[in-house]
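In what follows, a single structure is set out as structure tokens and then discussed.
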Amino acid sequence: MSAPSNTKRERLRALNEKFIVQDRWRTARERTRLYLMAVALVVIGVAGFLVILADVVQRDDVASIDSPVNAWLMQSRTGTVTAIMIGLAIGFGPVALPVVVLGTIVLWAFLAKHLWRPLLLALGTLTGLVLVQAITRLVERGRPPVDLMLFGVDTTYSFPSGHVSGATNFLLLLTYLIYSRRAARRRVAVLVGVVLVVAIGLAAISRVYLGYHWPTDALASVCLALAILGGVIALDTWRTVRVRPSGGDDAAGADGREATAA
């Protein structure tokens, strides 16, 4: 009985170790900065979303940009741009994007030594999906006229944009979860930031250009994604960041291993 019992215990221990979070050694000041960043993102995201929501409900201020921006984009349509925007809509759409997200999570979980970051990615994207579905049904905002839609008719509600929310959540969370473990050079960080902004901007513009959303739908989705990112950073910091002992060799070794972790 002892041999099977030991084997079972070893298997459980091995499974448990896959879910153990790899500690990140930081100074107390660095940990505080991470928490402040998380709080700032949540506050900015929630405040921005509530302002847009109030204006959408009252059809005032920020929401007043919807019709002029939509009209300008409609006048700017060309065959080439439309083809590009349709391609982006498919890539960030409800079929392709979930496959990409799920594939990334499964592959990362399989290859990584620890499963914490894939789980955070899954949690963040699922949270965004649930929030969008719930808010969409509560607000019940109509889409632009169907004769403006270039890729089939969609009569579901418009606010906020599920396409933009899904793309923004995935890109922001994936970028954070990768680069929070690596000491990236300034040039690399700037380049990644520019690519991130461009990708999110294209996802948002494509939905408005193709006639499926108002600009404030996309803006609200980005605000929600920022708030979710802040929550993930706070949870990740609380669960993984340990204060570095002054002059501790173990901490330095942990940082070295962390920088090369997948």
Side-chain angles (χ1 to χ4, degrees), residues 45 48-49 51-53 55-56 59 61-104 125 128-129 131-133 135-136 139-175 187-226 228-229:
F49 177 82
V51 168
I52 295 171
L53 175 61
D55 286 341
V56 165
R59 297 182 180 181
D61 296 334
V62 176
S64 65
I65 71 173
D66 283 332
S67 294
V69 172
N70 269 41
W72 177 75
L73 285 175
M74 301 307 108
Q75 295 171 0
S76 304
R77 285 174 169 176
T78 66
T80 301
V81 175
T82 298
I84 294 172
M85 293 301 174
I86 289 176
L88 290 170
I90 294 173
F92 292 126
V95 176
L97 186 61
V99 173
V100 172
V101 174
L102 181 60
T104 301
T125 52
L129 175 64
L131 284 175
V132 167
Q133 293 300 317
I135 295 170
T136 298
V139 177
E140 296 186 347
R141 187 188 197 189
R143 293 182 183 271
V146 295
D147 58 340
L148 298 177
M149 300 178 182
L150 296 180
F151 196 50
V153 175
D154 189 345
T155 58
T156 59
Y157 295 122
S158 176
F159 182 92
S161 168
H163 284 72
V164 178
S165 176
T168 306
N169 272 327
F170 176 66
L171 293 172
L172 287 178
L173 292 172
L174 185 63
T175 301
R187 290 183 180 179
V188 175
V190 171
L191 178 61
V192 170
V194 171
V195 171
L196 192 62
V197 170
V198 171
I200 293 172
L202 287 174
I205 292 172
S206 68
R207 299 306 295 162
V208 180
Y209 176 93
L210 293 174
Y212 294 96
H213 282 284
W214 306 102
T216 45
D217 298 337
L219 289 175
S221 299
V222 173
C223 288
L224 274 180
L226 290 176
I228 292 171
L229 175 62

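For the numbers below, each heavy atom of this structure counts, side chains included, while hydrogens, waters and symmetry mates do not.
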Exercise. Taking the side chain from Ser221 and the backbone from Ser161, do they hold a donor-acceptor pair closer than 3.5 Å?
Worked result: yes
Nearest non-hydrogen partners of [X] and [Y], listed with the distance:
X: Ala203; Y: Val164; result: O-CG2, 3.8 Å
X: Gly93; Y: Pro98; result: O-CD, 3.4 Å
X: Leu171; Y: Ala199; result: CD1-CB, 3.8 Å
X: Ala96; Y: Gly91; result: CB-O, 3.8 Å
X: Ala167; Y: Leu97; result: N-CD2, 3.5 Å
X: Leu148; Y: Arg77; result: O-NH2, 2.6 Å

Measuring only between side-chain heavy atoms, which start at C-beta, is [X] closer than 4.5 Å to [Y]?
X: Phe151; Y: Tyr212; result: yes
X: Asn169; Y: Val101; result: no
X: Leu219; Y: Ile65; result: yes
X: Ser76; Y: Val81; result: no
X: Leu131; Y: Ile228; result: yes

For this session: For Asp55 and Thr216, run side-chain contact (heavy atoms from CB on, under 4.5 Å): C-alpha distance rounded to whole Å, both residues' side-chain angles, the deciding distance at 0.1 Å, then the answer.
Result: CA-CA 9 Å; Asp55 286 341; Thr216 45; over 6 Å; no
Exercise. Is it true that the side chains of Tyr209 and Thr82 contain a donor and an acceptor less than 3.5 Å apart?
Worked result: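 There is such a pair between these side chains.
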For this session: Flag the pair Asp217 and Arg207 as a salt bridge only when some basic side-chain nitrogen lies within less than 4.0 angstrom of an acidic carboxylate oxygen.
Result: no
Euclidean distance, [Y] [atom2] relative to [X] [atom1], rounded to 0.5 Å:
X: Leu210; Y: His163; atom1: CG; atom2: NE2; value: 9.0 Å
X: Ile200; Y: Phe170; atom1: CD1; atom2: CZ; value: 11.5 Å
X: Ser67; Y: Trp214; atom1: OG; atom2: CH2; value: 5.0 Å
X: Arg141; Y: Leu53; atom1: CZ; atom2: CG; value: 10.0 Å
X: Met85; Y: Leu150; atom1: CE; atom2: CG; value: 11.0 Å
X: Leu173; Y: Thr168; atom1: CG; atom2: OG1; value: 10.0 Å

